[in-house]
Colleague: 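Could you have a look at this structure, given as structure tokens, before my questions?
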2 protein chains.
Amino acid sequence: MTVGCTIGQLAKAVGVNIQTVRYYERRRLLGPSARRPSGYRIYGEDEEQRLRFIKNAQALGFTLQEIAELFKLSVTSTARCGDVQRRAQAKLTHVEAKVRDLQALARALRSLIRDCRAGQPTDRCPILKSLQASVTRTSRSAQRQK
Amino acid sequence: MTVGCTIGQLAKAVGVNIQTVRYYERRRLLGPSARRPSGYRIYGEDEEQRLRFIKNAQALGFTLQEIAELFKLSVTSTARCGDVQRRAQAKLTHVEAKVRDLQALARALRSLIRDCRAGQPTDRCPILKSLQASVTRTSRSAQRQK
DNA sequence: CTTGACTCAGTACCGTGGTACAGGGTGTAG
DNA sequence: CTACACCCTGTACCACGGTACTGAGTCAAG
């Protein structure tokens, strides 16, 4: 079982560019389990899993740097699950804040679109007039037009 | 009022590197309202407002490219309000999609964190185990779009 | 044995979003 | 008038996450 596959087979199995696999190797994220005498990389089940891990973690918003740290945690025997949990929590907090901000922006856009009477020249368009102020809620002072 | 400030004063006021302001100028995002005879850039309230807008929009996950498009809405004098409305709607759709992606991401992170018993060694950590399995049942494009 | 697909190492290049010089000119306070 | 901080243009460089190209070697089918 698990005779081992080439880099091309691995890449295809996970849906990744071959160059990307080699790039991850340079980043010390994923190496072949062995090499053939010819130098060909050999990958097994573990490596495929690891590659999927990388892709999944990326989809969750982790950078390659952070993923490398996650790997370091799972290798270090002294590390506890709590370390991983904390990192995930930090990432979650960041994501939640981003969601709130985007929802505020969406609300602003929706109300602007609702107020807009199509057909007027842009210099009377209520969307444009309030575009800057709506997002820049930090500075209250400038409401004048140019 | 609005005597106009130099690039250094503008940068400091908004908390941005001077080089960054000039970079935005190259990207046609933000130009000085005028120049002194010596060539010194002069910025007013509007420009400061615009710079804050850029920073806020960036914090919301918009690329400089997208921010430029937002600005184009307010610059095109031939455009009609309906035009603007349509593009704002497109932007809103984009924002809403992003919100959904991030919410899915947050849900995934939350469920991972919830399942995690903080005292366990990392080789039993459910977060790490889940990352190895398939977490990808939700969005593909949480981070990298465009 | 040949052919074609695959792999190797090394290097260059891409877009994004900046940041850092270099070698000048300018503005102003003392 | 002289410092000294600031500004100018231009170009180079950085990290990130890849992607592409080159020229050579390898593998398996026919």
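Because the structure is a prediction, the values reported are computed rather than measured. Lettering follows sequence order; numbering is per chain, from 1.
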Colleague: I want to check one thing: is the phosphate of D:dC7, taken as OP1 and OP2, less than 4.0 Å away from some side-chain N or O of B:R41?
Modeller: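 Answer no for this pair, as no side-chain N or O of B:R41 is under 4.0 Å from OP1 or OP2.
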Colleague: Can you check whether B:I113's main-chain N or O pairs, donor with acceptor, with A:Q85's side chain at less than 3.5 Å?
Modeller: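 Yes, the answer is positive, given that a donor and an acceptor are paired below the 3.5 Å cut-off.
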Colleague: Check this for me: does any side-chain nitrogen of one of A:E69 and A:R87 sit under 4.0 Å from a carboxylate oxygen of the other?
Modeller: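 Between A:R87 and A:E69 there is a salt bridge, with a charged N closer than 4.0 Å to a carboxylate O.
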Colleague: Would you tell me if any nitrogen or oxygen in the side chain of A:N17 comes within less than 4.0 Å of OP1 or OP2 on D:dG17?
Modeller: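 A:N17 to D:dG17 OP1/OP2: no side-chain N or O under 4.0 Å.
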Colleague: Report yes if at least one side-chain N or O of A:K12 is closer than 4.0 Å to OP1 or OP2 of C:dA5; otherwise report no.
Modeller: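 Looking at the OP1 and OP2 atoms of C:dA5, neither is under 4.0 Å from any side-chain N or O of A:K12.
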Colleague: Taking A:E96 first and then A:R100, would you say they form a salt bridge - that is, a charged N and a carboxylate O separated by under 4.0 Å?
Modeller: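 Answer for the salt bridge query: no.
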Colleague: Answer yes or no: does a side-chain N or O of B:K55 lie under 4.0 Å from OP1 or OP2 of C:dG18?
Modeller: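 Result: yes.
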Colleague: For residues B:I42 and B:G4, report the shortest heavy-atom separation together with the two atoms involved.
Modeller: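 Nearest pair, atom of B:I42 first, then B:G4: CG2-CA, 3.8 Å.
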Colleague: Between the base of D:dC27 and the side chain of A:Y40, is there any donor-acceptor pair under 3.5 Å?
Modeller: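 Result: no qualifying N/O pair found.
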Colleague: Is B:R35 paired with B:E25 through a side-chain N to carboxylate O contact shorter than 4.0 Å?
Modeller: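 Salt bridge: yes.
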Colleague: Could you tell me how far apart B:I67 (CD1) and C:dG15 (C1') are, to the nearest whole angstrom?
Modeller: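 Atom CD1 in B:I67 sits about 16 Å away from atom C1' in C:dG15.
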Colleague: Answer yes or no: does a side-chain N or O of A:R22 lie under 4.0 Å from OP1 or OP2 of C:dA9?
Modeller: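 It does not, given that no N or O in the side chain of A:R22 lies less than 4.0 Å from OP1 or OP2 of C:dA9.
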Colleague: What's the CG-P distance between B:L51 and C:dG17, to the nearest Å?
Modeller: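 After rounding, the gap between these two atoms is 15 Å.
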Colleague: To the nearest Å, give me how far apart CZ (B:R27) and P (C:dT19) are.
Modeller: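 After rounding, the gap between these two atoms is 14 Å.
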Colleague: Could you state the atom-to-atom distance from CG of B:L29 to P of C:dG18 in whole Å?
Modeller: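 Rounded to whole Å, this separation is 10 Å.
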Colleague: Within less than 4.0 Å of OP1 or OP2 of C:dG18, is there a side-chain N or O belonging to B:Y24?
Modeller: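 For B:Y24, the contact criterion (side-chain N or O under 4.0 Å from OP1 or OP2 of C:dG18) is met.
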Colleague: Using the closest heavy atom to pick a nucleotide of DNA chain D for each, name whichever of A:V16 or A:P37 lands nearer the 5' end.
Modeller: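 The residue mapped nearer the 5' terminus is A:V16.
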Colleague: Between C:dT11 atom C1' and A:Q19 atom CD, what is the distance in whole Å?
Modeller: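 The distance from CD of A:Q19 to C1' of C:dT11 comes to 12 Å, rounded to the nearest Å.
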Colleague: Just how far, in rounded Å, is P of C:dC13 from OH of A:Y23?
Modeller: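 About 18 Å, once rounded to whole Å.
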Colleague: Let me know the distance between CG of B:L64 and P of C:dT19, rounded to the nearest Å.
Modeller: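 Distance, rounded to whole Å: 12 Å.
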Colleague: Counting just side-chain N and O atoms, does A:Q58 come under 4.0 Å of either OP1 or OP2 of D:dG18?
Modeller: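 Checking D:dG18 against A:Q58, a side-chain N or O does come within under 4.0 Å of OP1 or OP2.
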Colleague: D:dG17, OP1 or OP2 - any side-chain N/O from A:R26 closer than 4.0 Å?
Modeller: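 No, no such contact exists.
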Colleague: Would you tell me if any nitrogen or oxygen in the side chain of A:S38 comes within less than 4.0 Å of OP1 or OP2 on D:dC27?
Modeller: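 A:S38 to D:dC27 OP1/OP2: side-chain N or O found under 4.0 Å.
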Colleague: Keeping the roles fixed (side chain from A:E48, backbone from A:E45), state whether a donor-acceptor pair exists under 3.5 Å.
Modeller: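 Flag not set: sc A:E48 to bb A:E45 has no pair under 3.5 Å.
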Colleague: Looking at A:R35, does any N or O in its side chain come under 4.0 Å of the phosphate oxygens OP1/OP2 on C:dA9?
Modeller: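 Checking A:R35 against C:dA9: at least one side-chain N or O falls below 4.0 Å of OP1 or OP2.
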Colleague: A:T6 side chain N/O closer than 4.0 Å to the phosphate oxygens (OP1, OP2) of C:dC6?
Modeller: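 For C:dC6, neither OP1 nor OP2 has a side-chain N or O of A:T6 closer than 4.0 Å.
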Colleague: Let me know the distance between CD of B:E25 and P of C:dG18, rounded to the nearest Å.
Modeller: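 Roughly 16 Å, once rounded to whole Å.
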Colleague: Taking only N and O in the side chain of B:T20, is any of them less than 4.0 Å away from OP1 or OP2 of C:dG18?
Modeller: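 Indeed not, no polar side-chain atom of B:T20 lies that close.
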